[in-house]
Amino acid sequence: MKPIDLRSDTLTQPTPAMREAMANAEVGDDVFEEDPTLKKLEELAAQKTGKESALFVPSGTMGNLISILSHCQRGDEILLGDRSHIFLHEVGGIAALGGVHPRIIPNNPDGTLLLPLLEHSIRPSDIHNPPTRLICLENTHNFCQGSPLNPEYMDSVRALAAKYGLKIHLDGARLFNAAVAQDINVKDLTRQADSVMFCLSKGLSAPVGSLVCSNRDFIQRARKFRKMVGGGMRQAGHLAAAGLVALESLVERLKEDHQNTQLLAEQLASVEGIELDPAQVKTNIIFFKLKHSKIDGESFLNLLEENSIKILMTDPGVFRAVLHREINREQVETIAKTVRSILTL
Ligand SMILES: *Cc1c(COP(=O)(O)O)cnc(C)c1O
């Protein structure tokens with residue numbers, strides 16, 4: 001039996017429509033900017049995010065890296081959350097490859113950064129200080145329960161950035177989850193940002209790929225940095241074809257993932273030994289703590305695995321479950337039942 005795999009929404013396989021589109025895609029050499037399918041995807045991405053231009057990249061990590069390289073000089077400082085993906089999970093690329101100095105600010109549980117803290121962290125020009133250049137936000141916020149940031153919060157950060165002449169980069173790996181969860185247009189979450197990265201390879205189910213969206217000059221710089229780090233691809237239209245299917249037909253269904261996630265959160269929260277507030281779960285990610293007198297984290301994972309359920313332990317006793325297209329409502333019931341029976345031995 002195929003396991004129920006909640007480790008990540010990146011595990012989603014391409015749909016039959018994607019496989020067909022990939023096989024039949026019209027392609028060219030994208031380093032020569034001659035791939036028609038890729039251009040079509042970039043145009044659609046730019047249009048959806050309300051930006052002038054877009055660039056296809058192999059991964060979200062590369063998208064964030066080249067965005068930050070395109071905003072900053074070596075020695076510049078950027079402000080970002082202490083739970084942000086860029087700070088925690090991107091191999092320190094901005095420092096290693098860009099000489100960019102990260103200044104971290106504690107994330108609130110909902111993924112926001114307190115405005116007074118942000119403002120306090122902006123450096124005055126003084127011979128001792130690296131210049132503050134950029135604020136990075138994350139929406140939805142992966143390691144803050146997949147929380148979506150709302151347009152009002154984004155507007156307030158925009159106003160602060162404008163006051164100090166700073167730029168904003170949005171790590172929108174799950175940007176479409178954020179929009180769908182709030183029933184708003186994606187543009188309401190991107191107009192405040194100078195650059196936006198979003199992933200096709202997560203809940204949107206494409207096999208590979210992310211996009212960076214911004215103005216034309218920025219995308220031109222980003223294109224050069226993408227080449228520098230080895231991300232200039234050739235007949236990448238085969239990949240873009242899957243991305244087009246994702247953007248055209250799989251965005252609205254993210255709602256289903258959110259409904260299943262809410263159901264699972266409510267069911268898990270009612271199990272003795274699990275610490276979880278379902279009201280904090282807004283998209284497709286659940287974090288919970290295990291506080292059980294007899295079962296520790298490792299054995300919990302093993303017992304789940306024996307029952308063909310896989311989840312991630314992100315810290316000792318802390319677990320992350322991510323829902324996606326390949327987890328249906330019936331499987332949610334199975335997961336909840338299995339967890340209950342394991343913990344009420
Ligand atoms: C997954 C993720 C990324 C990176 O995407 P990859 O394609 O895995 O490199 C960046 N930011 C956030 C918030 C993510 O969840």
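We count ligands from 1, going down the list as the structure has it; atoms in each ligand are counted the same way. Note that this is a predicted model, so its numbers are computed, not measured.
Heavy-atom contacts of G60 reach the following atoms of ligand 1: 4 (C), 5 (O), 6 (P), 7 (O), 9 (O) (cutoff under 4.0 Å). Applying the 4.0 Å criterion to heavy atoms of T61 picks out, from ligand 1, the atoms 4 (C), 5 (O), 6 (P), 9 (O). Distances below 4.0 Å separate heavy atoms of S59 from the following atoms of ligand 1: 7 (O), 9 (O). Interface atoms of ligand 1 facing A173, defined by a heavy-atom separation under 4.0 Å, are 2 (C), 11 (N), 12 (C), 13 (C), 14 (C), 15 (O). Atom numbering of ligand 1 starts at 1 in the shown order; those under 4.0 Å from a heavy atom of R174 are 15 (O). Interface atoms of ligand 1 facing E90, defined by a heavy-atom separation under 4.0 Å, are 10 (C), 11 (N). Residue K202 has at least one heavy-atom neighbour below 4.0 Å for each of these atoms of ligand 1: 1 (C), 2 (C), 3 (C), 4 (C), 5 (O), 14 (C), 15 (O).
Counting only N and O atoms by type, the side chains of N177 and H258 include a donor and acceptor under 3.5 Å apart. Side-chain contact annotation: Q262 with E266, donor-acceptor N/O pair under 3.5 Å present.
Side-chain N or O atoms of N142 include none that pairs as donor or acceptor with a backbone N or O of G146 at under 3.5 Å. N307 contributes a side-chain N or O that, together with a main-chain N or O of L303, makes up a donor-acceptor pair within less than 3.5 Å. Not a single donor-acceptor pair under 3.5 Å links the side chain of S299 to the backbone N or O of I295. Checking side-chain atoms of N108 against main-chain N and O of D110 turns up no donor-acceptor pair under 3.5 Å. Side-chain atoms of T49 do not come within 3.5 Å of backbone N or O of C213 as any donor-acceptor pair.
The distance criterion of under 3.5 Å between nitrogen or oxygen atoms is met by N142 with respect to ligand 1.
Annotation: atom 11 (N) of ligand 1 to nearest protein heavy atom, D171 OD2, 2.7 Å. Of the protein's non-hydrogen atoms, E138 OE2, 3.1 Å is the one closest to atom 13 (C) of ligand 1.
Contacts with ligand 1 closer than 4.0 Å are made by no heavy atom of H89, backbone or side chain. Looking at M62 against ligand 1, nothing comes within 4.0 Å, counting heavy atoms. Counting heavy atoms under 4.0 Å from ligand 1, residue N64 touches it through the side chain alone.
H141 does not count as a contact of ligand 1, since none of its heavy atoms falls under 4.0 Å from the ligand.
The pair D9-K202 does not meet the salt-bridge criterion, since no charged nitrogen lies less than 4.0 angstrom from a carboxylate oxygen.
Distance CD1/I4 to CD1/I309: 5.0 Å, rounded to 0.5 Å.
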